Amino acid sequence: MQYQSQAVAKPYFIAAIGLFVGQIVFGAILGLQYVMGDFLFPEIPFNVARMVHTNLLIVWLLFGFMGAAYYMVPEETETELYSPKLALILFWVFLAAGVLTIIGYLAVPYATLAQITGNDLLPTMGREFLEQPTITKIGIVIVALGMLFNISMTVLKGRKTAIIMVLLLGLWGLAIFFLFSFYNPENLVLDKIFWWWVVHLWVEGVWELILGSILAFVLIKMTGVDREIIEKWLYVIIAMALISGIIGTGHHYFWIGTPEYWQWWGSIFSAIEPIPFFMMVIFAFNMVNKRKRDHPNKAAMLWAMGTPVMAFLGAGVWGFMHTLAPVNYYTHGTQITAAHGHMAFYGAYVMIVLAIISYAMPLLRGRAAGNSKKAQIVEMWSFWLMTVSMVFITLFLTGAGILQVWLQRINENPMGFMEVQDKIAIFYWMREVAGVIFLIGLIVYVTSFFIGGDEEEASS
Amino acid sequence: MNKTTTTKSNLRPCTWVWLTLMVLTLAVLTVGQMGLGGVTIVALLLVSTLVKTHIVADYFMGLKQGRLLWRMIIIVYLWIIVSMIGLAYWLGIS
Amino acid sequence: MSEKFTKSMARNIFYGGSAFFFLFFIALTVDTTAKLPERDHRENITEQVVLGKKVWEVNNCIGCHTLLGEGAYFAPELGNVYKRFGNSKEAIIGFIKSRPVDGIPGRRSMPQFNLSDEELDGIAEFLKWTSEINTANWPPNIEG
Amino acid sequence: MTQSHTKISQYPPGDFAIWIFIYAELLVFGIFFLSYAFARSQNVELFNESQLNLNRISGAINTLILITSSYFVVRAVAAIRENKSLLCARWLLAAIVLAGAFIGIKLFEFISIYSEGISLSTNTFYMFYLSMTFFHFMHVIMGMVILIAVMLKAKQGGYSNEDHTGVETGASYWHMVDLVWIILFPLVYVMR
């Protein structure tokens, strides 16, 4: 750690990991509810558990992104953070808002929550991923603006590297596109169109800028390759990501009442969406081959290398599999989508946050470069447990999805939804087993933070 | 000195390319105005398109000099596009 | 001789290309919203439909069901449920009303939301309106 | 000199970053062309009938304009290789004027189509015709912006025979815009 103010990243990372654990616990509950429909009913119905699962994911990733920003900005701009105090205040505000919201989901029926938080004044609740009460949404905007003010001021007074400009652009985009969550027209079709301006333009737009800049930062630090080369490729990759991804939004405009030309526009542009991910894989491995030093933090290296590979598989391959309109006609809204969503989110965003945590945490804890060998080995075990079980979750959900599409949509005598769900229960059981292994992997991951031993020396 | 002569000798083929492109375009227009269609006409149009794009890539874009790879990407691309269009038109007939 | 593959050119392409394609996306979106009235039949959005959408939202129905294919995949698609239930609002209302409070042993069950008659009518009207949106022939069959 | 020679053979003319962009753009246009061709094979009559409604003459004139504009850009590159900055800027200006003419004619075409009440949603043929030509139209505008930037810099003597990568970069992009139109014109306006 070169700058004192980088220390504010630490609580953000710790909170991220804590909420991650919560997310996975609820994921396991959901998986069980798929096969034991009355599990925890009516105390925690499926919709509540799912809301907790997805909202925790978003919130902990945001904690991770913010922590990454607070860690990276001082080091890149070569100046202390504008206001470390503000960063800490915002941390507590965001954590309190997040925890209170989750408690609200679990403690009272959703309709009651809507009522007591004044949803009638500005109705924004009850839409997928944007279930947060309106006041929580306002809180998110305030926290985001506070953070943006803080890091923008820091960047203004310091060195402006490409990595930091891309990160800043990504974070600003994140805040700006979130504003569309306040637009909730009475017309469902319009609602859906602009709902995607948050969801798609986040995960297949501005979040990719954040992903790219964190990956570039970690690669510079770990491989010692020339900044010029890494930043050049960063620009090329994110250019490809936005060129394909922005109009690629069209792959969500096939069947929601939008004009039919989107079937062409959406298909054509999302067909090239895997390219930036493929370039990212080539890029990351090339940089590692050209490395000028062997960084002692092998675990962080593993996460950093795993990110592009899993992002390419999850977002690129699994996305492409069902993105073309004629295929999507049959797969839209089935377990295929769930399969893609799981691996894409894990590969692209979970892993990059874990990569920066793995790189930064030892330094934040005052260690020279990396954790002890023992701790790193445990962390690498958790990498493989989580990654491999995620691959299996994805495969089982894909199997469930293919069978579902066949029985419910393509078959000459289509079966009803619930009947099909019974037929594919075996896949859900296997998914649940893989999910439990993922949870074990996560426990191993958390354990790795408590393993001492001789820490690694910084390399020469 | 050397440089100037290369430039001059590069320019002359480009002028010819320009004239060829103009003539071929007028030919395409004539075909269109006569409302012609069918296998032979489509084949001729595709060949002329291939020729035109080929010389734009080689001379205007200057891909003829330099590494073969960059040129081949475009050439292979053009062949694929043109032949696939031909295939699609053929499918449309049968 | 200057460098032949420069960071500044890559940066220009990133900013220029992104802005270009974003503007294009906005142009398409403008065209889409202009064309929308023919497809969403917004003239049929009555007060009941508006209330129905609100009931849909504050009970987090999307947390289990899909609507036009978006949502959770735990319970049936509802974009065409009006048609699946034989073009009957009563069937929808009857189904929602009859959900057991304690669920069904061993099986998935929709919670009992204790909706008022007005709310029930709203949600049924909302689902009826939704089933009439021109969705390019999706879903492939009545099962959703 | 030797160094610049090896560099030239290493990469195509211009900054390599633009070539990544060019290849990506060609890919998008290529998928569009093939989508058009295969969509047509499903519905030959509709495509043939709608095609007759297009203004072939203005399409051909626009082709001639773009080709000539491209040739002017070739002359501009040749000029800067001989260290003639002002001549280079003048050729670029001529190319830009032609690009403006292209845009004018294309706008006229769009307006007459629009006044017939035709839009992206009219039928599959018009969906493709409007999508592809408008997409290309936007590229012409972007190419114009690039050429203007290059011209202004050339005017101020910002390039030389030793260092003119910027001119080549703009030229390469402009030739790509031309290349795409050379395929687009016969495909959409003529082939039946």
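Given the structure is predicted, the values throughout are model-derived calculations rather than measurements. The analysis underlying the following values was restricted to heavy atoms, covering all of them including side chains, and did not include hydrogens, waters or symmetry mates. Letters go in sequence order (proteins before strands), and every chain restarts at 1.
In the displayed structure, D:K155 atom NZ is contacted under 6.0 Å by at most 12 heavy atoms of other residues, nucleotides or ligands. Summarising the local packing, NZ of C:K54 is surrounded by 12 or fewer heavy atoms from other residues, nucleotides or ligands at distances under 6.0 Å. More than 12 heavy atoms of other shown residues, nucleotides or ligands fall within 6.0 angstrom of atom CD in C:E43. In the displayed structure, D:Y23 atom OH is contacted under 6.0 Å by more than 12 heavy atoms of other residues, nucleotides or ligands. Residue C:E118 qualifies as open at atom CD: its count of foreign heavy atoms under 6.0 Å is 12 or below.
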Quiz item: Given the rule in the side chain to side chain contact (heavy atoms under 4.5 Å, CB included) test, do D:H139 and C:F20 qualify, once you have shown the distances and angles that lead to the verdict?
Solution: CA-CA 9 Å; D:H139 279 80; C:F20 177 84; 3.7 Å; yes
The test is side chain to side chain contact (heavy atoms under 4.5 Å, CB included); show your working for C:K4 and D:D15 and say whether it passes. CA-CA 5 Å; C:K4 285 286 276 183; D:D15 195 298; over 6 Å; no
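Neither the backbone nor the side chain of D:I141 comes within contact range of chain C; no heavy atom of the residue lies under 4.5 Å from a heavy atom of that chain. At a 4.5 Å heavy-atom cutoff, the contact between D:M142 and chain C is made by side-chain atoms alone. Heavy atoms closer than 4.5 Å to chain D are found in the side chain of C:F21, but not in its backbone. Of the two parts of D:S160, neither the backbone nor the side chain holds a non-hydrogen atom closer than 4.5 Å to a non-hydrogen atom of chain C.
Put simply, OH on D:Y173 and CD1 on C:I13 are 9.5 Å apart, with the number rounded to the nearest 0.5 Å. For the atom pair CG (C:N12) and OG1 (D:T169), the distance works out to 10.0 Å, reported to the nearest 0.5 Å.
For residues 111-133 of chain D, heavy-atom neighbours of chain C at less than 4.5 Å comprise D:S119, D:L120, D:S121, sorted by residue number.
Taking the six-membered ring where tryptophan is involved, the planes of C:F5 and D:F16 are perpendicular, since the angle between them exceeds 60° and thus also 30°.
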